[in-house]
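Structure first, then comments.
Since this is a predicted model, take the numbers as computed values, not measurements. For this chain, numbers begin at 1 and follow the sequence in order. Counting convention: from 1, in listed order, for ligands and their atoms alike.
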Amino acid sequence: MGRLNGKTVLITGGTSGIGLASVYRFKAEGANVAVTGRNQEALDKIAADTGGTVLTIRADAANLKETQAALNKTVETFGKIDVLFLNAGIALFAPVEQTPLEMFDNTMNINFRGPFYTVQAALPQLNDGASILFTTSVVNEMGMPNGGVYSASKAALRSLVRTLSVELAPRKIRVNAVSPGPINTPIFGKTGLSEEQLDEFGKQILSNVPLGRMGESDEIANVALFLASDEASFVTGSEYTADGGMLQ
Ligand SMILES: NC(=O)c1ccc[n+]([C@@H]2O[C@H](COP(=O)([O-])OP(=O)(O)OC[C@H]3O[C@@H](n4cnc5c(N)ncnc54)[C@H](OP(=O)(O)O)[C@@H]3O)[C@@H](O)[C@H]2O)c1
């Protein structure tokens, strides 16, 4: 018996890294999984690899019409949603002094505004007792150079978890976040940093991780699975850190 047997799950940003690992992990636990992303090729690969049993939907997390359509399609296909995992995110790094307005808007639109209004749109489509999950980051609790907008977008999500956990408690909807430390995913290649800067950044990060390594996407999917499942039935408003001890 799977830990999510028969549950309807929608994962945003599941074409790569943590989201992709979660698609397979949640499916293995018996869930009916729908996944969004912008990369059609990656979506097609998920559909092919799962014999079409995972519902793949092309949707930009910053585009409210597209996320509304993704919610509708998920409910039409699998029924009302039990787990909404808002994982889509980008990490663009620059010192505050050199952060263009476009980077600010793009980051906030994808990482915060999109998830905020996706939750709003999802409320009528969620079962009572559902679970909402966000992917935040340890950097919402620490000062990281170049992280001005990215870290703030995750701090905003952390705050939203607190608010929603109280607002949705009457419907027994639990709201939590998984907060990864450095995880080995393609995200680092998209940060806007040069190879040299990335190398330096990687060394600096690893020197602050007591376990001495990057985490893997599966290790975050495992925490997300726990928070999404009934095993976490008394957990709401929380942020669970998985960072190899970095914040300590
Ligand atoms: N890796 C880390 O060290 C780390 C640490 C802390 C937090 N996180 C957070 O973990 C989450 C997943 O990141 P990851 O490391 O797994 O990175 P990743 O491999 O780059 O995956 C990011 C996912 O988000 C999707 N995405 C990005 N922008 C999107 C948009 N506008 N609309 C829809 N989907 C979008 C991407 O899909 P498409 O390309 O198909 O659009 C992809 O599936 C992010 O929220 C990130 O901030 C990561």
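At the shortest separation from atom 5 (C) of ligand 1 among protein heavy atoms lies Gly181 O, 3.2 Å. Nearest protein heavy-atom contact of atom 14 (P) of ligand 1 is Thr185 OG1, 3.4 Å. Here the protein heavy atom with the shortest distance to atom 41 (O) of ligand 1 is Arg38 NE, 2.7 Å. In terms of protein heavy atoms, atom 43 (O) of ligand 1 is closest to Thr15 OG1, 2.7 Å. Counting protein heavy atoms only, atom 48 (C) of ligand 1 is closest to Ile18 CD1, 3.9 Å. With respect to atom 47 (O) of ligand 1, the closest heavy atom belonging to the protein is Tyr150 OH, 2.6 Å. What sits closest to atom 3 (O) of ligand 1 on the protein, heavy atoms only, is Ile183 N, 2.8 Å. At the shortest separation from atom 19 (O) of ligand 1 among protein heavy atoms lies Ser16 OG, 2.5 Å.
Proximity to Thr136 (heavy-atom distance under 4.0 Å) selects the following atoms of ligand 1: 6 (C), 7 (C). Under a 4.0 Å criterion applied to the non-hydrogen atoms of Ile110, ligand 1 contributes the atoms 28 (N), 31 (N). Heavy-atom contacts of Pro186 reach the following atoms of ligand 1: 19 (O) (cutoff under 4.0 Å). Less than 4.0 angstrom separates some heavy atom of Ala59 from each of these atoms of ligand 1: 32 (N), 33 (C). If you number the atoms of ligand 1 from 1 as listed, the ones under 4.0 Å from a heavy atom of Phe188 come out as 3 (O). Interface atoms of ligand 1 facing Lys190, defined by a heavy-atom separation under 4.0 Å, are 18 (P), 20 (O).
Using a non-hydrogen distance threshold of 4.0 Å, Lys154 registers as a contact of ligand 1.
Counting heavy atoms only, Gly89 comes closest to atom 22 (C) of ligand 1 of the residues Gly17, Gly19, Gly89.
One finds no salt bridge joining Glu41 and Lys45 here, because no Lys/Arg side-chain nitrogen approaches an Asp/Glu carboxylate oxygen to under 4.0 Å. One finds no salt bridge joining Lys172 and Asp128 here, because no Lys/Arg side-chain nitrogen approaches an Asp/Glu carboxylate oxygen to under 4.0 Å.
By the ring pair (Phe, Tyr, Trp, His ring centres under 6.0 Å) test, Phe104 pairs with no residue at all, sequence neighbours left out.
Note: no N/O pair closer than 3.5 Å links Gly37 and ligand 1 by distance alone. The shortest N/O to N/O separation between Thr36 and ligand 1 does not fall below 3.5 Å. For ligand 1, the polar-atom distance check finds an N/O of Gly13 within less than 3.5 Å of one of the ligand's N/O atoms.
Centroid-to-centroid, the aromatic rings of Phe85 and Phe134 stay 6.0 Å apart or farther.
Linking ILVMFWY side-chain heavy atoms closer than 4.5 Å, directly or via other members, places Ile18 and Val35 in a single hydrophobic cluster.
Between the side chain of Arg174 and the backbone N or O of Ser229 there is at least one donor-acceptor pair closer than 3.5 Å.
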